Number of protein chains: 2
Amino acid sequence: MTSEAPEHRRRDASATKAALLRAAQELFTERGYERTTVRDIADRAGVNQALLFRYFGTKEELFHVVLATESRVLIAESPAEQVLARTLAKMLSRDMDAAQDGVWLAALRSSGHDSAADAIRKQLGEDYTRVLGSLTDAEDADLRVDLVLAWIVGLGMLRTVVRKEPLVSADPGAVARLVLRAMSVLLERAETEPDC
Amino acid sequence: MTSEAPEHRRRDASATKAALLRAAQELFTERGYERTTVRDIADRAGVNQALLFRYFGTKEELFHVVLATESRVLIAESPAEQVLARTLAKMLSRDMDAAQDGVWLAALRSSGHDSAADAIRKQLGEDYTRVLGSLTDAEDADLRVDLVLAWIVGLGMLRTVVRKEPLVSADPGAVARLVLRAMSVLLERAETEPDC
DNA sequence: CTGAGATGTAAGCCTCCGCTTACATCACCG
DNA sequence: CGGTGATGTAAGCGGAGGCTTACATCTCAG
């Protein structure tokens, strides 16, 4: 940061690609797909616009790369019982604005026109369904998982795009506790097996 | 429908405005703000594009009118106990694609840049907070209402933009029952303050 | 009937944005 | 060194989309 004087950084394709990727991730989650321009991305990355196309081909392809990079980590390798809690914790973590996760919220927002993003969304949904579905033996387990998913998505929307108070500033732990308790009603095992 | 032959309908400014409004409402909820063009709107309304500007001034102003028209009806005049159930019922109703409600989902999707839409979202949030907050006496009532709001928003997103199955085709009654049961955990009245 | 305002239309202006091209500059290998 | 491929840059093309303008046509009051 403080050493930002040098006119020419040393040439380094992979660093440039990384900068573009990071800038794209941030901007897509801040503004959604349509409202971020390739010029914005290049500017934030401190890079010429043409390089974006050299390295990623297309705005849409770049979006896909961001999306894929991100979603790989999402389900993670947590045991099923903890996937929910960890997903929530991640989503509620304060450094959201640093744009770690949540690009997939951008995908959601601009959804409908992009088949590849659709595929990723679908995959993500299936991953969650598989993992969370194992937590309940209700016959409508898949539906219940969708409801859980809906809640997580809604929380993300309200936090990152609406920035609704008191949600944004609330203690993540408290929020997680409330949500998990309510969710346990949905994902309980046959009789009352709430686990917090 | 069958009498669609006549080349020139009788001139009628208010009918034209209404047609534009309806077309705008449908398209905004189908595609979100950014991805619908004024030409699309005018075409669907069967009207010359310039009229949109004559009657509404600006694409954004038209959006605001749609939003305002819509949100007026949202909270409605139901007793507090039923606001939730009715909101859910509306959101889950099959004729969603007919684009009755849900323009505010478009507002959510394209959010961040538009102060007037922000205001409407905020207002909507406050309305719900007031009404639903009266259902619980927990000290963090506002937060709990936000969580409920988040769930409703998420359900709308998953249904209308992601079109997630089995959520979309599920029996609305069953969905509502599940959701309301879980929500009641959030909005319960005091006694028994179990927290895990 | 007629003139004037209301309503509708065709055409196009202008800016933004995705993307390309032609070229300059660097870094590394012989 | 020198020269060749990799990296970076400036400029601009082409089309889309918001908005305007100039004009045609209707309709209704007087």
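The shown structure was predicted, so the numbers you read here are calculated from the model rather than taken from an experiment. Chain letters run A, B, ... following the sequence lines, proteins first and then strands; every chain starts at 1. Hydrogens, waters and symmetry mates are skipped; everything else that's a heavy atom, side chains included, is used.
Relative to the side chain of A:R54, the nucleotides D:dT9, C:dA27, C:dG8 differ in distance, and D:dT9 lies closest. Nearest nucleotide to the side chain of B:F53, out of C:dG18, D:dC19, D:dG17: D:dC19. When distances run from any side-chain atom of A:Q49 to the nucleotides C:dC19, D:dT20, C:dG8, the shortest one goes to C:dC19. Of the candidates D:dG18, C:dC17, D:dT21, the closest approach to any side-chain atom of B:A50 belongs to D:dT21.
In this entry the distance linking CZ of A:R35 with P of C:dG18 reads 12 Å, nearest Å. In this structure, the CG atom of B:D12 is 10 Å from the P atom of D:dC28, given to the nearest Å. A:N48 places its CG atom 15 Å from the P atom of C:dT21, with the value rounded to the nearest Å. For B:Y33 and D:dG17, the OH to P distance is 13 Å, given to the nearest whole Å. A straight line from CG of B:L62 to P of D:dC19 spans 10 Å, rounded to a whole angstrom. Rounded to a whole Å, the NZ atom of B:K59 is 12 Å from the C1' atom of D:dA16. Across the protein-nucleic acid pair, A:L51 atom CG and C:dT25 atom P stand 16 Å apart, rounded to whole Å. Look at CD on B:E34: it is 10 Å from P on D:dG18, rounded to the nearest Å.
Using a distance-only test at 3.5 Å, with no hydrogens or angles considered, a donor-acceptor pair links the side chain of A:T29 to the main chain of A:E26.
Between A:Y33 and A:F63, the ring planes lie tilted relative to each other; the angle falls in the 30° to 60° range.
For C:dG8, the OP1/OP2 oxygens have a side-chain nitrogen or oxygen of B:T16 closer than 4.0 Å. An OP1 or OP2 oxygen of D:dA16 is reached within less than 4.0 angstrom by no side-chain nitrogen or oxygen of B:T37. Distances shown here put a side-chain N or O of A:R10 below 4.0 Å from the OP1 or OP2 atom of C:dC28. Look at A:R39 and you won't find any side-chain N or O under 4.0 angstrom from OP1 or OP2 of C:dT15.
Counting only residues at least two apart or in different chains, side chain to side chain donor-acceptor pair (under 3.5 Å) contacts with residues 142-155 of chain A comprise A:D140-A:R144, A:D146-B:K164.
B:F56 comes within contact range of no nucleotide atom at all, as no heavy-atom separation falls under 4.0 Å. Contacts of B:S14 with the nucleic acid, taken as non-hydrogen atoms under 4.0 Å apart, are absent.
Look at A:E30 and A:R44 and you find a salt bridge, because one of the NZ, NE, NH1 or NH2 atoms lies within 4.0 Å of a carboxylate O, short of that distance.
Within the 4.5 Å cutoff, the side chain of A:L92 has heavy atoms near those of the A:R159 side chain.
Side-chain N/O atoms of A:R11 and base N/O atoms of D:dG8 include no donor-acceptor pair closer than 3.5 Å.
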